[in-house]
S.K.: 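Pasting a structure below so you can have a look.
On a predicted model such as this, the values are computed, not experimentally measured, just so you know. Chain naming here is simple, since letters A, B, ... match the order of the sequence lines and numbering starts at 1 in each.
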Amino acid sequence: MSLRPAWSDAFAAGILTEVRVPGGIDAAWAFDGATGAGVDVAVVDSGIDATHPAVGNVAGGAAFSWDPDAGRAILAEGPHEDLFGHGTACAGIICRAAPECGLLSVRVLGARLSGKAQVFAAGLRWAVQSGARVVNLSLSTSNPDFYGLFHEIADEAYFAGVTLVCAVNNVPAPTYPSQYASVVSVAANDGTDAFALDCNPTPPAEFGAPGIDQEIPWLDSGTIVATGNSFAAPHVAGLVARLLSKHPELTPPDVKAVLRAASRNAVPLRA
Amino acid sequence: MSPPGSVGLLSALTETARRLFGAQACSLALLTPDESELVYTTAAGAGAQDITGMRMPSGRGVAGWVAMSGQPVAIDDLRRDPRFAQDVAEDTGYVPQALLAVPVVSPVRMLGVMTLLDRDAERPGADQDMTLLSLFADQAALALEAAAAFTDVGEMLLGALATAAGEGTALATAVQAAAQAASAGNQPSDLTELAALLAELGRRGAAERRLAVRLVSDVLTYAAAGRPGR
């Protein structure tokens with residue numbers, strides 16, 4: 001029996017119900033013939049191993065860490081490694097639906113926890129201002145002290161036309177920014193292919209994408225089989241990049257409406 | 001690493017989890033104070049003796065990811081991860097097929113990682129194991145925080161009393177001896193009760209924690225001012 005991370009029960013067979021969506025837009029309209037070309041996706045995570053065969057074009061990035069003396073996050077631009085494998089996994093998954101997108105590696109997780117939320121916030125802000133149209137966040141903070149800060153950055157992203165795709169927590173407790181209404185929040189469904197998108201009629205986890213028993217890229221050019229909402233979010237980030245490469249004029253609320261309409265459980269309203 | 005007083009409870013927790021989940025092994029690794037390493041303090045099942053005391057850098061690997069991200073992760077087919085398999089095989093002689101690792105986290109800080117190796121995934125309800133193991137990790141966090149609070153508060157109160165009594169006096173010597181006993185996990189029962197109350201306040205949130213600290217500091221100020229002979 002496969003594990004189900006928190007919130008993923010909503011997408012289990014027999015539980016997910018239909019969602020009614022405006023007619024005229026479907027998965028073919030959104031995704032057919034597109035590759036993600038021309039769209040940058042920032043991966044705010046543990047770094048990306050650009051040499052992994054599953055990882056496409058890493059176009060740049062930045063690594064953030066905590067300076068305890070200055071009491072703030074500091075930035076080191078340029079290439080860096082992935083110490084854990086998780087960021088590389090996310091990057092490889094994004095490339096499944098958007099093989100020609102550009103990837104920006106924003107490393108916010110290293111070997112220390114102190115200042116973690118501030119480092120995460122600094123990395124996210126950099127990503128929002130980087131020119132990327134999509135930001136994948138397979139991590140978030142459960143610390144309510146940072147609710148306001150992350151909300152401010154999520155609002156900046158929304159108005160700047162940057163879609164934040166956030167994995168919801170793997171255990172039943174709120175995290176930020178995955179809980180905000182402006183982001184595209186994602187939990188794992190049982191799907192296997194990159195286009196297996198579901199829409200949850202009872203949020204906060206709004207979308208379901210493959211994240212259970214997924215074969216994912218890992219360290220040393222290898223793969224592992226893993227389960228987590230972490231691996232569902234980059235599937236959706238890849239779909240958003242693919243969508244924006246075909247329809248670049250869409251804004252974050254448009255993107256969310258199209259994702260709903262392109263979901264497997266969407267039923268178009270009649271004209 | 002584990003505060004005195006928590007060792008027995010943590011051993012019972014890991015053994016109970018191992019049996020309940022039908023796992024080959026269950027372990028608890030705690031972050032060192034400088035967060036640079038994870039130290040396996042408690043383990044039950046296959047390779048338990050070998051893994052206990054093992055240290056690994058917190059900035060790499062699956063357990064490192066769980067501690068740094070605060071997110072659980074489940075991995076099957078671990079033997080495909082050559083680095084993991086080699087490290088673990090060298091250290092414990094047991095190479096698992098699958099692991100489920102969850103963070104051990106208090107309301108205020110990351111404490112460590114709890115890991116199940118090769119759980120029985122065919123049990124009824126096994127699809128909820130990520131959430132279930134997190135409940136065990138919450139128990140471990142409570143045990144660790146309560147034990148640490150007992151020790152911290154006991155040492156602090158007794159240390160303050162020794163200072164108030166005056167250097168070299170018989171009372172100071174007695175109080176210092178009591179402080180040492182507290183560090184060793186043999187707290188006087190009234191201090192234990194006080195510490196439990198303060199720990200409970202602390203768990204309710206940051207504001208309550210600050211209130212608890214202010215309360216104790218006010219009591220100490222009052223006690224020092226009211227000392228006979230002043």
Side-chain angles (χ1 to χ4, degrees), chain A residues 1-9 12 45-46 66 81-87 89 108-114 116-117 119-120 138-145 167-173 175 188 190 211-216 218-231, chain B residues 31 34-38 57-86 97-103 105 107-111 119-135 137-138 205-206:
Chain A
M1 191 185 309
S2 295
L3 267 175
R4 300 200 75 88
W7 318 105
S8 69
D9 284 340
D45 212 288
S46 59
W66 183 247
E81 58 180 340
D82 177 1
L83 300 169
F84 297 102
H86 194 273
V108 295
L109 278 182
R112 289 287 187 278
L113 282 163
S114 38
K116 188 180 103 177
V119 168
F120 178 29
S138 282
L139 47 107
S140 48
T141 180
S142 57
N143 186 342
D145 292 349
V168 296
N169 202 347
N170 280 329
V171 293
T175 56
D190 296 291
I212 296 172
D213 297 337
Q214 287 289 303
E215 183 176 351
I216 55 169
W218 205 249
L219 295 173
D220 299 332
S221 297
T223 64
I224 55 171
V225 176
T227 294
N229 294 327
S230 284
F231 310 119
Chain B
L31 275 172
D34 71 352
E35 303 167 355
S36 66
E37 288 183 305
L38 281 161
S58 57
R60 55 171 282 204
V62 174
W65 161 259
V66 172
M68 292 299 140
S69 70
Q71 280 295 304
V73 75
I75 296 180
D76 290 312
D77 218 357
L78 272 168
R79 290 168 188 142
R80 284 203 216 185
D81 182 351
R83 193 182 297 190
F84 177 88
Q86 190 187 337
Q97 177 77 30
L99 74 71
L100 172 61
V102 301
V105 57
V108 287
R109 65 197 173 106
M110 180 60 62
L111 301 170
R119 53 186 250 289
D120 174 7
E122 301 308 316
R123 298 166 7 260
D127 58 335
Q128 300 299 317
D129 280 355
M130 198 175 260
T131 301
L132 262 182
L133 185 63
S134 296
L135 294 176
D138 289 347

S.K.: Just how far is it from atom OG1 of Thr227(A) to atom CG of Asp127(B), taken to the nearest 0.5 Å?
M.R.: 11.0 Å
S.K.: Below 4.5 Å from any heavy atom of chain A, which atoms of Ser36(B) appear? Answer side chain, backbone, both or neither.
M.R.: both
S.K.: Given the rule in the side chain to side chain contact (heavy atoms under 4.5 Å, CB included) test, do Leu100(B) and Leu3(A) qualify, once you have shown the distances and angles that lead to the verdict?
M.R.: CA-CA 10 Å; Leu100(B) 172 61; Leu3(A) 267 175; 3.9 Å; yes
S.K.: Please flag which part of Leu135(B) lies under 4.5 Å from any non-hydrogen atom of chain A: side chain, backbone, both or neither.
M.R.: neither
S.K.: Do the ring planes of His86(A) and Trp65(B) sit parallel (below 30°), tilted (30 to 60°) or perpendicular (above 60°)?
M.R.: parallel
S.K.: Which bit of Phe120(A) is near chain B, if near means a heavy-atom gap under 4.5 Å: side chain, backbone, both or neither?
M.R.: neither
S.K.: List the atom of Gly59(B), the atom of Leu83(A), and the distance in Å for their closest heavy-atom pair.
M.R.: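 Distance-wise, the nearest heavy atoms are O-CB, 3.2 Å.
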S.K.: Does any heavy atom of chain B fall under 4.5 Å from the side chain of Glu215(A), the backbone, both, or neither of them?
M.R.: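 The answer is the side chain of Glu215(A).
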S.K.: Within this structure, what is the CE-CZ distance for the pair Met130(B) and Arg4(A), rounded to the nearest 0.5 Å?
M.R.: 11.5 Å
S.K.: Quick one: what part of Leu113(A) sits under 4.5 Å from any heavy atom of chain B, side chain, backbone, both or neither?
M.R.: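 It is both, since atoms from each part get that close.
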S.K.: Looking only at non-hydrogen atoms, find the nearest pair between Glu122(B) and Met1(A) and report the distance.
M.R.: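 Smallest heavy-atom distance, with atoms named: OE2-N, 3.3 Å.
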S.K.: Tell me, please, which residues at least two apart from Asp45(A) pass salt bridge (Lys or Arg N to Asp or Glu O under 4.0 Å).
M.R.: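 Applying salt bridge (Lys or Arg N to Asp or Glu O under 4.0 Å) to Asp45(A) gives none.
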S.K.: Tell me, for Asn229(A) versus chain B, whether the close heavy atoms (under 4.5 Å) come from the side chain, the backbone, both or neither.
M.R.: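 Neither part.
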S.K.: Which one of Leu139(A), Val171(A), Asn143(A) has the most heavy-atom pairs closer than 4.5 Å to chain B?
M.R.: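 Of Leu139(A), Val171(A), Asn143(A), Val171(A) has the most heavy-atom pairs under 4.5 Å with chain B.
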S.K.: Counting heavy-atom pairs under 4.5 Å to chain B, which of Ile212(A), Asp145(A), Asn170(A) comes out on top?
M.R.: Asn170(A)
S.K.: So, taking the atom named CZ in Arg60(B) and the one named OG in Ser46(A), what distance separates them when rounded to the nearest 0.5 Å?
M.R.: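 If we round to the nearest 0.5 Å, Arg60(B):CZ and Ser46(A):OG are 13.5 Å apart.
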S.K.: Is chain A contacted by the side chain of Arg109(B), its backbone, both, or neither, given a heavy-atom distance below 4.5 Å?
M.R.: neither
S.K.: Relative to chain A, which segment of Pro57(B) carries a heavy atom at a distance below 4.5 Å: side chain, backbone, both, or neither?
M.R.: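 Looking at Pro57(B), nothing touches chain A.
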S.K.: Under a 4.5 Å heavy-atom cut-off, does chain A meet the side chain of Ala67(B), its backbone, both or neither?
M.R.: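 Contact with chain A: backbone only.
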S.K.: Asp213(A): what forms a salt bridge (Lys or Arg N to Asp or Glu O under 4.0 Å) with it, not counting sequence neighbours?
M.R.: none
